[in-house]
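I have placed the structure first, in the form of structure tokens, so that the comments after it can refer back to it.
What you see below is based on every heavy atom in this structure, not just the backbone, and it leaves out hydrogens, waters and symmetry mates.
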Amino acid sequence: MIKTSDNILNVHSIESFGTHDGPGIRMVVFLQGCKLRCQYCHNPDTIDTQGGTAYTIEDLVKRALRMKSYFGNNGGVTVSGGEPLLQAKSLIPFFKRLKEEGIHTNIDTNGRLLNHPTTELLDHYADLVMLDIKHMNEAGFQKLAGAKNKETTFNFAKYREASGKKMWLRYVLIPGITNTPELLHQLGTYFKDYKTIEKIELQPYHKLGVHKWEALGWEYELKDARENTQEEIDTAVKILSSYFKEVKAN
């Protein structure tokens with residue numbers, strides 16, 4: 001197949017048997033490029049929009065079909081990143097082909113884009129959206145994510161809720177920064193009436209990606225942050241369980 005701008009995706013890497021990126025066993029396609037620069041990012045090498053490898057959509061569909069027998073009733077394909085919706089225009093034909101083959105589709109996104117290609121993708125081809133909530137207040141969001149206007153993510157959540165289609169939330173627990181009782185109650189209060197949220201997944205903070213920052217020659221600004229104690233994780237789960245149907249700490 002001849003590669004054109006409409007039938008390729010710029011891919012960072014592919015995980016064949018992902019078990020932490022949506023329901024069941026999944027092929028996870030990590031797309032290259034992101035407009036945020038989150039301090040805790042464990043894949044900073046996905047941020048540069050100029051990196052990655054060009055894959056044709058049909059090549060990716062063929063890879064998914066070879067795995068289809070492993071997906072079972074719950075598995076499928078997840079696109080993550082980076083930020084996958086930077087390539088929403090090419091994701092439309094990719095997800096359309098996957099749907100034709102009866103394969104479940106999922107997007108792991110920071111929700112910063114809500115343009116026409118994104119809404120078409122959400123409305124017609126994305127079975128599930130996993131939405132990353134970075135922080136509950138603007139100052140915290142700007143410091144943590146390196147960008148302004150946290151409300152874009154919340155507007156994305158409102159759009160998904162209005163569609164009636166399934167959504168999961170994801171939230172990274174960083175002691176003293178995002179993992180405080182006040183912020184957790186704010187998170188729960190904000191989303192407690194959402195009908196489309198099936199669960200919230202908590203990601204305990206870790207430093208597994210620090211070496212990647214160092215390899216890129218970038219300063220890792222959370223070097224003084226510590227990992228959560230089990231008690232802190234358990235407390236976060238308990239607080240959020242009063243607001244959400246299912247809370248899972250990964």
Side-chain angles (χ1 to χ4, degrees), residues 9 12 20-23 28-44 46-47 49 77-92 94-95 105-174 178 183-184 186-203 240 243-244 248 250:
L9 284 165
H12 172 269
H20 296 288
D21 296 274
V28 187
V29 183
F30 295 93
L31 299 186
Q32 186 72 31
C34 185
K35 296 298 186 182
L36 299 184
R37 189 163 166 162
C38 297
Q39 291 179 324
Y40 56 73
C41 182
H42 62 276
N43 287 318
T46 67
I47 293 175
T49 56
V77 173
T78 295
V79 290
S80 186
E83 173 46 55
L85 292 181
L86 291 175
Q87 301 183 55
K89 187 175 179 181
S90 294
L91 282 175
I92 292 169
F94 179 41
F95 272 23
T105 57
N106 177 31
I107 301 169
D108 180 8
T109 177
N110 59 41
R112 298 283 291 176
L113 289 169
L114 200 58
N115 53 21
H116 180 70
T118 297
T119 56
E120 182 178 346
L121 188 68
L122 293 175
D123 291 345
H124 301 292
Y125 304 113
D127 294 318
L128 177 65
V129 166
M130 296 195 307
L131 182 61
D132 298 316
I133 305 299
K134 306 297 184 182
H135 204 285
M136 290 307 296
N137 66 57
E138 181 65 20
F141 178 86
Q142 288 187 26
K143 184 174 182 180
L144 197 62
K148 295 181 179 180
N149 196 3
K150 70 176 178 61
E151 288 302 319
T152 55
T153 299
F154 294 103
N155 289 337
F156 187 101
K158 291 174 185 175
Y159 186 89
R160 187 65 175 179
E161 171 71 4
S163 75
K165 298 177 183 294
K166 294 177 181 179
M167 177 167 56
W168 294 5
L169 300 184
R170 289 185 138 186
Y171 187 76
V172 176
L173 296 173
I174 310 172
T178 61
L183 289 171
L184 294 172
Q186 285 181 26
L187 176 64
T189 300
Y190 187 92
F191 287 107
K192 64 183 175 60
D193 294 326
Y194 274 56
K195 301 292 190 292
T196 60
I197 296 174
E198 292 188 321
K199 69 159 73 171
I200 180 169
E201 290 189 336
L202 303 178
Q203 320 279 9
L240 291 172
Y243 299 101
F244 297 100
K248 178 185 177 186
N250 287 333

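Contact record, V28 with S80: CG1-CB, 4.3 Å, taken as the closest heavy-atom pair. Across R112 and K148, no two heavy atoms sit closer than the pair NH2-O, 2.8 Å. Counting all heavy atoms, side chain and backbone alike, L36 lies closest to A147 at CD2-CB, 3.4 Å. Shown here for D21 and M130, the closest heavy-atom pair between the two residues is C-CE, 3.6 Å.
Put simply, the side chain of K134 does not reach to within 4.5 Å of the side chain of T153, judged on heavy atoms. Counting only heavy atoms from C-beta outward, the side chains of V29 and L9 never approach each other to under 4.5 Å. Looking only at side-chain heavy atoms (C-beta outward), V129 and T196 stay at 4.5 Å or farther from each other.
Qualifying ring pair (Phe, Tyr, Trp, His ring centres under 6.0 Å) partners for Y194, counting only residues two or more places apart in sequence or in other chains: F191. Partners of T118 according to the side chain to side chain contact (heavy atoms under 4.5 Å, CB included) rule, which considers only residues two or more places apart in sequence or in another chain, are L85, A88, L113, L114, N115, L122, F156. Scanning for side-chain hydrogen bond (donor to acceptor under 3.5 Å, both in side chains) contacts around T49 gives an empty result, with sequence neighbours left out. Shown here are the ring pair (Phe, Tyr, Trp, His ring centres under 6.0 Å) partners of H12, two or more places apart in sequence or in another chain: there are none. By the side-chain hydrogen bond (donor to acceptor under 3.5 Å, both in side chains) test, Q142 is found to be paired with E138, residues two or more places apart in sequence or in another chain being considered. Residues passing the side-chain hydrogen bond (donor to acceptor under 3.5 Å, both in side chains) test with N106 are T78, sequence neighbours excluded. Checked against side-chain hydrogen bond (donor to acceptor under 3.5 Å, both in side chains), E83 has the following partners two or more places apart in sequence or in another chain: T109, N110. Every residue was checked against the salt bridge (Lys or Arg N to Asp or Glu O under 4.0 Å) condition with D132, not counting sequence neighbours, and none meets it.
Atom-to-atom distance recorded for I47:CD1 and C38:SG is 7.5 Å, nearest 0.5 angstrom. In this structure, CZ in F244 is found 12.5 Å from CD in E201, a value given to the nearest 0.5 Å. Taking OH of Y243 as the start and CD1 of I197 as the end, the distance is 13.5 Å to the nearest 0.5 Å. The line from CD of Q32 to OG1 of T46 is 6.0 Å long, rounded to the nearest 0.5 Å. Residue L91 holds its CG atom at 10.0 Å from OG1 of T105, rounded to the nearest 0.5 Å. To the nearest 0.5 Å, atoms CE (M136) and OG1 (T189) are separated by 8.5 Å.
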Practice problem: Run the numbers on L86 and L31 for side chain to side chain contact (heavy atoms under 4.5 Å, CB included), then give the verdict. | Solution: CA-CA 9 Å; L86 291 175; L31 299 186; over 6 Å; no
Exercise. Go through the steps for Y171 and L183 under the test side chain to side chain contact (heavy atoms under 4.5 Å, CB included), then give the verdict.
Key: CA-CA 11 Å; Y171 187 76; L183 289 171; 4.0 Å; yes
Self-check item: CA sep, side-chain torsions, deciding dist, call: R160, L131, side chain to side chain contact (heavy atoms under 4.5 Å, CB included)
Solution: CA-CA 10 Å; R160 187 65 175 179; L131 182 61; over 6 Å; no
Exercise. Would you check, one step at a time, whether the test side chain to side chain contact (heavy atoms under 4.5 Å, CB included) holds for K199 with K248?
Key: CA-CA 8 Å; K199 69 159 73 171; K248 178 185 177 186; 4.2 Å; yes
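Remark: of the listed residues T178, V172, L169, I200, L169 is the sole one forming a side chain to side chain contact (heavy atoms under 4.5 Å, CB included) with I133.
Every pair tested for ring-ring contact (aromatic ring centres under 6.0 Å, His included) that includes a residue from residues 105-150 fails, sequence neighbours excluded, so the list is empty. Within the structure, salt bridge (charged side-chain N to carboxylate O under 4.0 Å, His left out) pairs that include any residue of residues 119-130 comprise K99-D127 (at least two apart or interchain).
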